[in-house]
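Following: one structure in structure tokens, then a few remarks.
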Amino acid sequence: MNVLLFGATGMVGQGVLRECLLDPDVQVVQTVGRTASGVQHAKLREIVQEDFYKNSSVDADWSGFDACFFCLGVSSAGMKEADYERVTYGITLAAAEILSRLNPQMTFIYVSGAGTDSTEHGRSMWARVKGKTENALLRLPFQAAYMFRPGFIQPLHGVRSKTTAYRVLYAVSKPLTPLLRLAWPNFILSTEEIGRAMLVVAKRGAPKRILESRDIRAVN
């Protein structure tokens with residue numbers, strides 16, 4: 001299996017990259033991001049692309065992949081809806097439309113979030129935009145597309161968020177994580193669990209096209 005990974009330097013992407021490199025079924029992992037991951041591995045190829053709106057010459061680099069794990073995203077904090085939609089919806093669909101043309105046999109997995117609003121009409125801005133993005137992705141002519149909606153994510157194996165506020169939150173909550181897992185087992189996932197689940201779904205599929213935390217845990 002050849003995997004294309006967007007957002008490998010983010011918290012979820014770091015975990016997904018680790019699991020891809022460990023999986024013997026994965027022959028090649030190619031990352032696409034604004035910066036290189038810094039990881040060295042025989043399976044790994046990296047493309048640094050500073051502008052995700054300029055995809056006119058990517059056909060050769062983005063062809064020949066069986067799965068795409070799209071972990072690229074930003075926090076909506078402090079952003080206007082138009083700006084958040086331009087990044088969350090705009091960049092994602094610009095890439096996905098090209099990939100569905102180049103790799104119609106591909107399984108595309110998008111990291112969304114718990115609470116995403118599929119109706120696109122709810123009160124929460126980020127949830128509406130994520131819902132619009134999910135709906136558009138599910139309409140594209142991929143062999144299969146799945147939306148992952150994790151809730152609280154536990155970083156493992158040295159994975160760190162690039163967002164300072166999140167790093168503080170994870171540091172404070174780390175001692176409580178075992179208790180939180182007991183209290184809300186269907187809401188907390190580790191970066192390892194998410195990465196492994198993506199690989200399982202890419203290989204075997206899943207009974208649902210939208211997977212909440214409990215569904216992601218169940219496929220591991």
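Bear in mind that the values here come from a model prediction, so they are computed numbers and not experimental data.
For Lys43 (side chain) and Val29 (main-chain N/O), no donor-acceptor pair under 3.5 Å exists by modelled atom type.
Using a 4.5 Å heavy-atom threshold, the side chains of Pro141 and Pro104 count as separate. A heavy-atom distance below 4.5 Å is found between the side chains of Gln49 and Asn55. Put simply, the side chain of Val200 does not reach to within 4.5 Å of the side chain of Asn220, judged on heavy atoms. Side-chain contact between Thr116 and Met147 is absent, with no heavy atoms from C-beta onward closer than 4.5 Å. Taking the side chain as every heavy atom from C-beta outward, Leu102 and Asp59 approach each other to under 4.5 Å. At least one side-chain heavy atom of Val32 sits less than 4.5 Å from a side-chain heavy atom of Phe52.
Applying the salt bridge (charged side-chain N to carboxylate O under 4.0 Å, His left out) test to Glu192 and every residue at least two apart in sequence or in another chain returns Arg196. Partners of Arg209 according to the salt bridge (charged side-chain N to carboxylate O under 4.0 Å, His left out) rule, which considers only residues two or more places apart in sequence or in another chain, do not exist here. Under the ring pair (Phe, Tyr, Trp, His ring centres under 6.0 Å) criterion, Phe142 pairs with Phe108, not counting sequence neighbours. Remark: Glu97 engages Leu93, Leu140 in a side chain to side chain contact (heavy atoms under 4.5 Å, CB included) (not counting sequence neighbours). Partners of Asp23 under the side chain to side chain contact (heavy atoms under 4.5 Å, CB included) rule, at least two apart in sequence or in another chain, are Asp25, Val26, Leu199, Lys203. Residues that satisfy the salt bridge (charged side-chain N to carboxylate O under 4.0 Å, His left out) test with Asp83, not counting sequence neighbours, are absent from this structure. By the side chain to side chain contact (heavy atoms under 4.5 Å, CB included) test, Thr119 is found to be paired with Asp117, His121, residues two or more places apart in sequence or in another chain being considered. Under the salt bridge (charged side-chain N to carboxylate O under 4.0 Å, His left out) criterion, Asp215 pairs with Lys208, sequence neighbours left out. Shown here are the side chain to side chain contact (heavy atoms under 4.5 Å, CB included) partners of Val48, two or more places apart in sequence or in another chain: Ala36.
Among all heavy-atom pairs drawn from Trp126 and Ala114, the shortest one is CH2-O, 3.1 Å. Smallest separation of non-hydrogen atoms from Gly205 and Tyr146: CA-OH, 3.4 Å. Scanning all heavy atoms of the two residues, the minimum distance from Ile210 to Ser118 falls at CD1-OG, 4.1 Å. Nearest approach of Thr191 to Gly15, heavy atoms of both residues: CB-CA, 4.0 Å.
Counting non-hydrogen atoms of other residues, nucleotides and ligands closer than 6.0 Å to CD of Gln105 gives a total above 12. More than 12 non-hydrogen atoms from other residues, nucleotides or ligands lie less than 6.0 angstrom from CZ of Arg101.
Atom OH of Tyr84 is separated from atom NZ of Lys130 by 4.5 Å, given to the nearest 0.5 angstrom. Between the CD atom in Gln154 and the CG atom in Leu189 there is a gap of 9.5 Å [rounded to 0.5 Å]. Rounding to the nearest 0.5 Å gives a distance of 10.5 Å between CG of Leu5 and CD of Gln14. Interatomic distance, OG1 of Thr107 versus CZ of Phe65, reported as 14.0 Å (0.5 Å rounding). Atom-to-atom distance recorded for Thr133:OG1 and Ile91:CD1 is 11.0 Å, nearest 0.5 angstrom. With rounding to the nearest 0.5 angstrom, the SG atom of Cys20 is 11.0 Å from the CG atom of Asn2.
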Margin query: Apply side-chain contact (heavy atoms from CB on, under 4.5 Å) to residues Glu193 and Ile216 and explain how you reach the verdict.
Written below: CA-CA 8 Å; Glu193 288 172 316; Ile216 296 169; 5.7 Å; no

Run Phe148 and Val12 through side-chain contact (heavy atoms from CB on, under 4.5 Å) and show every step you take.
CA-CA 11 Å; Phe148 273 39; Val12 173; over 6 Å; no

Taking it one step at a time, do Val111 and Met198 satisfy side-chain contact (heavy atoms from CB on, under 4.5 Å)?
-> CA-CA 10 Å; Val111 178; Met198 283 191 172; 3.1 Å; yes

**Message:** Could you walk me through whether Thr31 and Leu44 satisfy the side-chain contact (heavy atoms from CB on, under 4.5 Å) test, starting with their C-alpha distance in whole Å, then the side-chain angles of each, then the deciding distance to 0.1 Å, before giving a yes or no?
**Reply:** CA-CA 8 Å; Thr31 65; Leu44 180 61; 3.7 Å; yes

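Residue pairs meeting the salt bridge (charged side-chain N to carboxylate O under 4.0 Å, His left out) criterion with at least one partner in residues 65-74, sequence neighbours excluded, are absent. Screening residues 5-36 for ring pair (Phe, Tyr, Trp, His ring centres under 6.0 Å) gives Phe6-Trp62, Phe6-Phe70 as the qualifying pairs, with residues at least two apart or on separate chains. Pairs of residues two or more places apart, or lying in two chains, that qualify as salt bridge (charged side-chain N to carboxylate O under 4.0 Å, His left out) and include a residue from residues 140-151 are Glu134-Arg149, Arg149-Glu212.
Inspection of the Ser37 and Glu46 side chains reveals an N or O donor paired with an N or O acceptor under 3.5 Å. Residues Asp61 and Gln30 bring no donor and acceptor atom of their side chains to less than 3.5 Å of each other.
Val28 and Leu17 are not part of a single hydrophobic cluster, where members link through side-chain heavy atoms under 4.5 Å apart.
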